[in-house]
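For reference, the structure discussed in these notes is given below.
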Amino acid sequence: MSEFIPLSVPNFGPREAELAGKAITSGWVSTSGGKVTEFEEALAAYVGMPRAVACNAGSSALHLAAMAAGITRGDEVIVPTLTFIAAVNPLTRYVGAEPIFIGCDDSLCIDPNAVEDFCANHCELRDGKLYNKATGAHVKALEAVHVFGNMADMPRLVAIARRYNLILIEDATEALGTQCIDGPFKGRFAGTIGDIGCYSFNGNKIITTGAGGAVVSNHPDWAEHAKHLSTQAKADMLQFLHDEVGYNYRMTNVQACLGLAQLERLEGFIAHKKELYDHYVAALDGVKGLRILPFREEECRSNHWFFSLYLKDSGLDRDTVIEKLQAERIQTRPVWALIHEQADYPRNEAYALDKAEDYRKYIVNLPCSTNLSIEDCERVCQAVLAL
(Lines give C-alpha, C1' and ligand atoms only; values in the text may rest on other atoms or scores of the structure.)
Protein backbone atom coordinates (compact mmCIF):
# COMPACT_ATOMS: atom_id res chain seq x y z
CA MET A 1 0.00 0.00 0.00
CA SER A 2 1.31 3.45 -0.87
CA GLU A 3 2.07 6.02 1.80
CA PHE A 4 -0.79 7.87 3.43
CA ILE A 5 -1.63 11.22 1.80
CA PRO A 6 -2.98 13.66 4.41
CA LEU A 7 -5.40 16.45 3.67
CA SER A 8 -3.33 19.42 4.84
CA VAL A 9 -0.28 19.30 7.08
CA PRO A 10 2.49 21.69 8.18
CA ASN A 11 5.57 22.17 6.05
CA PHE A 12 8.52 22.72 8.39
CA GLY A 13 12.21 22.74 7.53
CA PRO A 14 15.63 23.71 8.87
CA ARG A 15 14.79 27.40 9.20
CA GLU A 16 11.83 26.73 11.52
CA ALA A 17 13.99 24.39 13.64
CA GLU A 18 16.78 26.97 13.77
CA LEU A 19 14.64 29.87 14.97
CA ALA A 20 12.51 27.83 17.38
CA GLY A 21 15.67 26.22 18.76
CA LYS A 22 17.16 29.61 19.49
CA ALA A 23 14.04 30.61 21.41
CA ILE A 24 14.16 27.38 23.44
CA THR A 25 17.84 27.65 24.33
CA SER A 26 17.41 31.33 25.22
CA GLY A 27 14.70 30.45 27.75
CA TRP A 28 12.22 32.89 26.18
CA VAL A 29 9.53 30.37 25.31
CA SER A 30 6.29 31.91 26.62
CA THR A 31 4.45 35.16 25.82
CA SER A 32 7.47 37.30 26.67
CA GLY A 33 10.26 37.59 24.14
CA GLY A 34 11.23 39.81 21.26
CA LYS A 35 10.23 37.43 18.48
CA VAL A 36 6.51 38.05 19.06
CA THR A 37 6.97 41.72 18.24
CA GLU A 38 9.26 40.83 15.34
CA PHE A 39 6.63 38.51 13.91
CA GLU A 40 3.92 41.15 14.30
CA GLU A 41 6.08 43.64 12.42
CA ALA A 42 6.90 41.15 9.64
CA LEU A 43 3.25 40.17 9.20
CA ALA A 44 2.12 43.81 9.14
CA ALA A 45 4.75 44.60 6.53
CA TYR A 46 3.68 41.66 4.36
CA VAL A 47 -0.03 42.60 4.31
CA GLY A 48 0.68 46.34 4.15
CA MET A 49 -0.82 47.38 7.47
CA PRO A 50 0.68 49.67 10.14
CA ARG A 51 0.54 46.98 12.81
CA ALA A 52 -0.57 43.44 13.57
CA VAL A 53 -1.54 41.95 16.93
CA ALA A 54 -0.44 38.33 17.31
CA CYS A 55 -2.52 35.99 19.45
CA ASN A 56 -2.87 32.30 20.22
CA ALA A 57 -5.61 31.30 17.74
CA GLY A 58 -7.76 32.52 14.90
CA SER A 59 -10.76 32.20 17.21
CA SER A 60 -9.02 34.47 19.72
CA ALA A 61 -8.33 36.96 16.94
CA LEU A 62 -12.02 37.07 16.01
CA HIS A 63 -13.04 37.46 19.65
CA LEU A 64 -10.60 40.35 20.02
CA ALA A 65 -11.96 41.87 16.80
CA ALA A 66 -15.54 41.67 18.09
CA MET A 67 -14.62 43.36 21.36
CA ALA A 68 -12.46 46.00 19.68
CA ALA A 69 -15.32 46.79 17.29
CA GLY A 70 -17.73 47.22 20.19
CA ILE A 71 -20.07 44.33 19.36
CA THR A 72 -21.97 43.50 22.53
CA ARG A 73 -25.05 41.87 24.00
CA GLY A 74 -28.22 42.64 22.06
CA ASP A 75 -26.44 43.45 18.79
CA GLU A 76 -26.89 41.37 15.64
CA VAL A 77 -24.19 40.38 13.17
CA ILE A 78 -24.73 39.22 9.58
CA VAL A 79 -22.61 36.08 9.08
CA PRO A 80 -22.26 33.26 6.54
CA THR A 81 -23.70 29.85 7.32
CA LEU A 82 -21.18 28.03 5.09
CA THR A 83 -17.99 28.36 7.11
CA PHE A 84 -16.28 26.83 10.13
CA ILE A 85 -18.25 27.45 13.32
CA ALA A 86 -15.29 29.30 14.87
CA ALA A 87 -15.97 32.11 12.40
CA VAL A 88 -19.33 32.75 14.06
CA ASN A 89 -19.05 31.86 17.76
CA PRO A 90 -16.55 34.63 18.68
CA LEU A 91 -18.53 37.38 16.90
CA THR A 92 -21.84 36.36 18.44
CA ARG A 93 -22.10 34.03 21.42
CA TYR A 94 -18.76 35.02 22.97
CA VAL A 95 -19.92 38.64 23.25
CA GLY A 96 -23.67 38.04 23.66
CA ALA A 97 -24.66 39.06 20.13
CA GLU A 98 -27.00 37.20 17.78
CA PRO A 99 -26.17 35.98 14.25
CA ILE A 100 -28.23 36.44 11.11
CA PHE A 101 -27.19 33.65 8.74
CA ILE A 102 -26.80 34.23 5.00
CA GLY A 103 -26.06 31.64 2.33
CA CYS A 104 -23.22 31.65 -0.18
CA ASP A 105 -22.69 32.49 -3.83
CA ASP A 106 -20.65 30.33 -6.21
CA SER A 107 -17.39 31.49 -4.62
CA LEU A 108 -18.58 29.72 -1.42
CA CYS A 109 -18.35 33.14 0.30
CA ILE A 110 -21.30 35.08 1.70
CA ASP A 111 -23.74 36.11 -1.03
CA PRO A 112 -23.77 39.92 -1.37
CA ASN A 113 -27.14 39.82 -3.16
CA ALA A 114 -28.71 38.08 -0.17
CA VAL A 115 -27.00 40.49 2.24
CA GLU A 116 -28.36 43.43 0.25
CA ASP A 117 -31.84 41.91 0.18
CA PHE A 118 -31.84 41.34 3.94
CA CYS A 119 -30.69 44.88 4.71
CA ALA A 120 -33.06 46.51 2.23
CA ASN A 121 -36.20 44.46 2.86
CA HIS A 122 -35.93 43.05 6.38
CA CYS A 123 -34.34 46.05 8.10
CA GLU A 124 -34.72 49.82 8.37
CA LEU A 125 -32.28 52.66 8.94
CA ARG A 126 -33.07 54.91 11.89
CA ASP A 127 -30.75 57.66 13.06
CA GLY A 128 -27.89 56.16 11.06
CA LYS A 129 -28.28 52.65 12.48
CA LEU A 130 -29.71 49.53 10.85
CA TYR A 131 -32.47 47.76 12.77
CA ASN A 132 -33.94 44.31 12.16
CA LYS A 133 -37.69 44.69 11.62
CA ALA A 134 -38.41 41.23 13.04
CA THR A 135 -36.42 41.54 16.27
CA GLY A 136 -35.99 45.29 16.72
CA ALA A 137 -32.27 44.71 17.35
CA HIS A 138 -29.42 46.85 16.04
CA VAL A 139 -27.67 45.09 13.17
CA LYS A 140 -24.15 46.31 13.90
CA ALA A 141 -21.76 44.32 11.75
CA LEU A 142 -21.25 42.19 8.66
CA GLU A 143 -18.70 39.37 8.46
CA ALA A 144 -17.00 38.38 5.22
CA VAL A 145 -15.22 35.02 5.36
CA HIS A 146 -12.76 34.37 2.53
CA VAL A 147 -13.64 30.69 2.23
CA PHE A 148 -10.77 28.36 1.26
CA GLY A 149 -8.68 31.42 0.35
CA ASN A 150 -11.19 32.64 -2.24
CA MET A 151 -11.71 36.38 -1.88
CA ALA A 152 -15.28 37.36 -1.07
CA ASP A 153 -16.87 40.03 -3.28
CA MET A 154 -15.34 42.89 -1.30
CA PRO A 155 -16.38 45.78 -3.58
CA ARG A 156 -20.03 44.78 -3.15
CA LEU A 157 -19.72 44.03 0.56
CA VAL A 158 -17.87 47.27 1.30
CA ALA A 159 -20.56 49.22 -0.56
CA ILE A 160 -23.31 47.47 1.42
CA ALA A 161 -21.51 48.05 4.72
CA ARG A 162 -21.13 51.75 3.96
CA ARG A 163 -24.73 52.12 2.78
CA TYR A 164 -26.13 50.59 5.96
CA ASN A 165 -23.47 51.77 8.44
CA LEU A 166 -22.26 48.26 9.22
CA ILE A 167 -18.88 47.39 10.69
CA LEU A 168 -17.17 45.11 8.17
CA ILE A 169 -15.16 42.29 9.75
CA GLU A 170 -12.97 40.14 7.52
CA ASP A 171 -12.31 36.57 8.52
CA ALA A 172 -9.16 35.95 6.48
CA THR A 173 -8.17 32.97 8.61
CA GLU A 174 -7.90 30.84 5.45
CA ALA A 175 -6.73 33.60 3.14
CA LEU A 176 -3.31 34.90 4.14
CA GLY A 177 -1.67 35.96 0.88
CA THR A 178 -4.89 36.30 -1.10
CA GLN A 179 -4.68 39.69 -2.81
CA CYS A 180 -6.73 41.93 -5.10
CA ILE A 181 -4.90 42.39 -8.40
CA ASP A 182 -7.52 44.59 -10.08
CA GLY A 183 -10.56 46.66 -9.19
CA PRO A 184 -11.04 49.33 -6.51
CA PHE A 185 -8.90 47.47 -3.95
CA LYS A 186 -6.03 46.59 -6.26
CA GLY A 187 -2.94 45.66 -4.23
CA ARG A 188 -4.88 45.09 -0.98
CA PHE A 189 -4.70 41.77 0.82
CA ALA A 190 -7.59 39.81 2.28
CA GLY A 191 -8.05 40.99 5.85
CA THR A 192 -7.00 44.59 5.16
CA ILE A 193 -10.04 45.97 3.30
CA GLY A 194 -12.75 46.08 5.96
CA ASP A 195 -12.68 47.72 9.36
CA ILE A 196 -10.84 44.87 11.04
CA GLY A 197 -9.41 41.55 9.83
CA CYS A 198 -8.21 38.29 11.33
CA TYR A 199 -5.75 35.55 10.35
CA SER A 200 -5.15 32.01 11.58
CA PHE A 201 -1.90 30.06 11.80
CA ASN A 202 -3.42 26.74 12.81
CA GLY A 203 -1.60 23.57 11.81
CA ASN A 204 -3.57 23.14 8.57
CA LYS A 205 -3.27 26.74 7.36
CA ILE A 206 -0.98 27.93 4.57
CA ILE A 207 1.56 29.00 7.18
CA THR A 208 1.42 27.73 10.73
CA THR A 209 2.75 28.54 14.16
CA GLY A 210 1.18 25.33 15.48
CA ALA A 211 -1.69 27.38 16.83
CA GLY A 212 -1.98 31.11 16.46
CA GLY A 213 -3.72 34.06 14.92
CA ALA A 214 -3.47 37.79 14.35
CA VAL A 215 -5.61 40.93 14.13
CA VAL A 216 -5.11 43.92 11.82
CA SER A 217 -7.33 46.97 11.61
CA ASN A 218 -7.84 50.16 9.64
CA HIS A 219 -8.69 51.77 12.99
CA PRO A 220 -5.42 52.15 14.95
CA ASP A 221 -7.27 52.43 18.26
CA TRP A 222 -9.06 49.14 17.61
CA ALA A 223 -5.76 47.36 17.07
CA GLU A 224 -4.37 48.92 20.23
CA HIS A 225 -7.42 47.82 22.18
CA ALA A 226 -7.11 44.29 20.82
CA LYS A 227 -3.50 44.16 21.97
CA HIS A 228 -4.50 45.42 25.42
CA LEU A 229 -7.27 42.82 25.77
CA SER A 230 -4.96 40.02 24.63
CA THR A 231 -2.56 40.64 27.54
CA GLN A 232 -5.12 40.43 30.38
CA ALA A 233 -5.82 44.18 30.02
CA LYS A 234 -2.84 45.13 32.17
CA ALA A 235 -2.88 48.88 32.69
CA ASP A 236 0.26 48.73 34.88
CA MET A 237 2.60 45.85 34.04
CA LEU A 238 4.67 46.21 37.21
CA GLN A 239 1.85 46.60 39.74
CA PHE A 240 -0.54 44.11 38.06
CA LEU A 241 -3.33 46.64 37.66
CA HIS A 242 -6.08 45.80 35.16
CA ASP A 243 -8.59 48.31 33.83
CA GLU A 244 -11.06 45.86 32.20
CA VAL A 245 -11.62 42.15 31.77
CA GLY A 246 -8.85 40.82 29.56
CA TYR A 247 -7.76 37.48 28.17
CA ASN A 248 -4.67 35.29 27.98
CA TYR A 249 -4.61 35.42 24.19
CA ARG A 250 -0.97 36.23 23.41
CA MET A 251 1.18 34.21 21.05
CA THR A 252 4.30 32.59 22.51
CA ASN A 253 7.85 33.42 21.54
CA VAL A 254 8.42 29.89 20.17
CA GLN A 255 5.31 30.17 17.99
CA ALA A 256 6.46 33.55 16.71
CA CYS A 257 9.78 32.01 15.64
CA LEU A 258 7.90 29.43 13.60
CA GLY A 259 5.83 32.23 12.10
CA LEU A 260 8.87 34.23 11.05
CA ALA A 261 10.33 31.24 9.26
CA GLN A 262 7.01 30.38 7.63
CA LEU A 263 6.49 33.95 6.41
CA GLU A 264 9.80 33.72 4.56
CA ARG A 265 8.37 30.77 2.62
CA LEU A 266 4.79 31.99 2.12
CA GLU A 267 5.08 33.12 -1.50
CA GLY A 268 6.65 29.79 -2.41
CA PHE A 269 3.83 27.97 -0.66
CA ILE A 270 1.27 29.98 -2.63
CA ALA A 271 3.01 29.21 -5.93
CA HIS A 272 3.03 25.48 -5.16
CA LYS A 273 -0.63 25.56 -4.13
CA LYS A 274 -1.47 27.07 -7.52
CA GLU A 275 0.55 24.37 -9.27
CA LEU A 276 -1.34 21.65 -7.38
CA TYR A 277 -4.68 23.30 -8.09
CA ASP A 278 -3.92 23.55 -11.82
CA HIS A 279 -2.98 19.86 -11.85
CA TYR A 280 -6.30 18.88 -10.27
CA VAL A 281 -8.18 21.05 -12.77
CA ALA A 282 -6.35 19.55 -15.75
CA ALA A 283 -6.91 15.99 -14.57
CA LEU A 284 -10.43 16.12 -13.12
CA ASP A 285 -12.45 19.20 -14.10
CA GLY A 286 -15.15 18.26 -16.60
CA VAL A 287 -14.28 14.55 -16.54
CA LYS A 288 -17.10 12.10 -15.71
CA GLY A 289 -19.26 14.96 -14.49
CA LEU A 290 -16.67 16.07 -11.92
CA ARG A 291 -15.80 19.70 -11.28
CA ILE A 292 -13.01 21.44 -9.43
CA LEU A 293 -14.59 24.63 -8.11
CA PRO A 294 -12.90 27.79 -9.38
CA PHE A 295 -11.31 30.66 -7.51
CA ARG A 296 -11.79 34.31 -8.44
CA GLU A 297 -8.94 34.72 -10.92
CA GLU A 298 -9.67 37.94 -12.81
CA GLU A 299 -9.54 40.39 -9.91
CA CYS A 300 -7.73 38.33 -7.25
CA ARG A 301 -4.61 36.29 -6.66
CA SER A 302 -5.85 33.55 -4.34
CA ASN A 303 -3.63 31.59 -2.00
CA HIS A 304 -5.57 28.47 -3.15
CA TRP A 305 -5.69 27.16 0.40
CA PHE A 306 -8.25 24.34 -0.07
CA PHE A 307 -9.49 22.59 -3.21
CA SER A 308 -13.11 21.57 -3.70
CA LEU A 309 -14.19 18.57 -5.78
CA TYR A 310 -17.87 19.06 -6.71
CA LEU A 311 -19.79 15.83 -7.27
CA LYS A 312 -23.32 16.90 -8.19
CA ASP A 313 -23.20 15.88 -11.86
CA SER A 314 -20.96 12.84 -11.34
CA GLY A 315 -23.51 10.48 -9.80
CA LEU A 316 -21.11 9.89 -6.90
CA ASP A 317 -22.10 10.12 -3.25
CA ARG A 318 -19.99 12.43 -1.07
CA ASP A 319 -19.57 10.14 1.92
CA THR A 320 -18.92 7.09 -0.24
CA VAL A 321 -16.18 8.99 -2.07
CA ILE A 322 -14.56 9.96 1.23
CA GLU A 323 -14.75 6.37 2.48
CA LYS A 324 -13.30 4.86 -0.69
CA LEU A 325 -10.44 7.35 -0.85
CA GLN A 326 -9.69 6.67 2.81
CA ALA A 327 -9.37 2.97 1.89
CA GLU A 328 -6.72 4.09 -0.62
CA ARG A 329 -4.94 5.93 2.22
CA ILE A 330 -5.99 9.33 0.89
CA GLN A 331 -7.51 11.73 3.42
CA THR A 332 -10.38 13.97 2.28
CA ARG A 333 -13.28 15.68 4.03
CA PRO A 334 -16.71 17.19 3.39
CA VAL A 335 -17.29 20.91 3.62
CA TRP A 336 -18.56 22.09 7.01
CA ALA A 337 -22.07 21.37 8.23
CA LEU A 338 -24.09 24.59 7.96
CA ILE A 339 -23.91 26.60 11.15
CA HIS A 340 -27.54 27.71 11.28
CA GLU A 341 -28.44 24.06 11.90
CA GLN A 342 -26.01 23.55 14.80
CA ALA A 343 -25.70 24.21 18.55
CA ASP A 344 -28.48 26.61 19.56
CA TYR A 345 -28.34 28.51 16.25
CA PRO A 346 -31.53 27.07 14.67
CA ARG A 347 -33.48 29.72 16.59
CA ASN A 348 -31.71 32.48 14.63
CA GLU A 349 -32.79 33.90 11.27
CA ALA A 350 -31.32 32.39 8.11
CA TYR A 351 -31.73 33.47 4.47
CA ALA A 352 -30.86 32.39 0.91
CA LEU A 353 -29.64 28.92 1.85
CA ASP A 354 -30.10 26.96 -1.41
CA LYS A 355 -26.52 27.15 -2.68
CA ALA A 356 -25.00 26.56 0.74
CA GLU A 357 -27.13 23.43 1.16
CA ASP A 358 -26.13 22.24 -2.30
CA TYR A 359 -22.40 22.74 -1.75
CA ARG A 360 -22.59 21.10 1.67
CA LYS A 361 -24.06 18.00 0.02
CA TYR A 362 -21.68 17.71 -2.92
CA ILE A 363 -18.21 19.04 -1.96
CA VAL A 364 -15.22 16.88 -1.07
CA ASN A 365 -11.99 18.67 -0.18
CA LEU A 366 -8.90 17.06 -1.72
CA PRO A 367 -5.33 16.88 -0.33
CA CYS A 368 -3.62 20.25 -0.67
CA SER A 369 -0.57 20.38 1.63
CA THR A 370 2.19 22.78 0.59
CA ASN A 371 4.58 19.81 0.61
CA LEU A 372 2.31 17.55 -1.46
CA SER A 373 4.26 16.33 -4.47
CA ILE A 374 2.88 16.44 -8.00
CA GLU A 375 3.30 12.66 -8.06
CA ASP A 376 1.05 12.24 -5.02
CA CYS A 377 -1.39 14.77 -6.46
CA GLU A 378 -1.58 12.60 -9.56
CA ARG A 379 -2.15 9.54 -7.35
CA VAL A 380 -5.16 11.33 -5.83
CA CYS A 381 -6.48 12.15 -9.30
CA GLN A 382 -6.19 8.56 -10.48
CA ALA A 383 -7.94 7.33 -7.33
CA VAL A 384 -10.82 9.75 -7.93
CA LEU A 385 -11.13 8.76 -11.58
CA ALA A 386 -11.28 5.08 -10.55
CA LEU A 387 -14.31 5.60 -8.28
Should [X] and [Y] count as an ion pair when the cut-off is N to O under 4.0 Å?
X	Y	value
Asp105	Arg296	yes
Arg93	Glu98	yes
Lys35	Glu38	yes
Glu18	Arg15	yes
Lys133	Glu349	no
Arg250	Glu40	yes
Glu224	Arg51	yes

Atom pair [atom1]/[atom2] of [X] and [Y] - distance to nearest 0.5 Å:
X	Y	atom1	atom2	result
Ser314	Leu290	OG	CG	5.0 Å
Ile206	Ile270	CD1	CD1	4.5 Å
His146	Asp153	NE2	CG	11.0 Å
Leu64	Ile196	CG	CD1	8.0 Å
His304	Thr370	NE2	OG1	15.0 Å
Leu263	Arg265	CG	CZ	11.5 Å

For [Y], is there any backbone N or O sitting under 3.5 Å from a side-chain donor or acceptor partner on [X]?
X	Y	result
Asn202	Ala57	no
Ser8	Lys205	no
Arg329	Ile5	no
Asn218	Gly194	yes
Glu143	Ile169	no
Arg156	Asp111	no
Lys288	Leu385	yes
Asp75	Thr72	yes
Asn371	Phe12	no
Thr192	Arg188	no

Same apolar cluster (I L V M F W Y, side chains within < 4.5 Å links), [X]/[Y]:
X	Y	result
Met67	Leu168	no
Tyr164	Leu91	no
Val147	Ile363	yes
Val88	Val215	yes
Phe39	Val254	no

Worked verdict on Leu366 versus Leu284 for side chain to side chain contact (heavy atoms under 4.5 Å, CB included): CA-CA 12 Å; Leu366 298 176; Leu284 299 177; 4.1 Å; yes
Take Asp106 and Lys355, measure what side chain to side chain contact (heavy atoms under 4.5 Å, CB included) needs, and give me the verdict at the end. CA-CA 8 Å; Asp106 289 325; Lys355 285 187 177 181; 3.2 Å; yes
Student check: side-chain heavy atoms of [X] and [Y] closer than 4.5 Å:
X	Y	value
Cys198	Asp171	no
Lys129	Asn165	no
Tyr277	Pro294	yes
His122	Ile100	no
Glu170	Val216	no
Phe148	Ser308	yes
Leu142	Ile110	yes
Glu299	Met154	no

Compute whether any side-chain donor of one residue and acceptor of the other, for [X] and [Y], lie under 3.5 angstrom apart.
X	Y	answer
Tyr362	Asp313	no
Asn348	His340	no
Asn365	Arg333	yes

Could you check whether atom CZ of Arg347 has more than 12 heavy atoms from other residues, nucleotides or ligands sitting under 6.0 Å from it? yes
Residue Glu297 excluded, over 12 heavy atoms near CD under 6.0 Å: yes
So among Leu338, Thr81, Ile85, Val79, which one has a side-chain contact (heavy atoms from CB on, under 4.5 Å) with Tyr345? Ile85
Indicate the ring-plane relationship of [X] and [Y], choosing parallel, tilted or perpendicular according to the 30° and 60° boundaries.
X	Y	result
Tyr351	Phe118	tilted
Phe307	Phe295	perpendicular
Tyr94	His63	perpendicular

Closest non-hydrogen atom pair, [X] against [Y]:
X	Y	answer
Ser369	His272	O-CD2, 4.3 Å
Ala214	Ala61	O-CB, 3.5 Å
Leu82	Val335	CD1-CG2, 4.0 Å

Between Phe4 and Gln326, is the side chain to side chain contact (heavy atoms under 4.5 Å, CB included) condition met? List the steps. CA-CA 9 Å; Phe4 176 67; Gln326 183 68 31; 4.2 Å; yes
Steps toward salt bridge (charged side-chain N to carboxylate O under 4.0 Å, His left out) verdict (Arg379, Glu328): CA-CA 10 Å; Arg379 183 182 142 208; Glu328 296 295 323; 5.9 Å; no
Under the side chain to side chain contact (heavy atoms under 4.5 Å, CB included) criterion, do Leu176 and Val47 qualify, and how do the steps go? CA-CA 8 Å; Leu176 181 64; Val47 298; 4.0 Å; yes
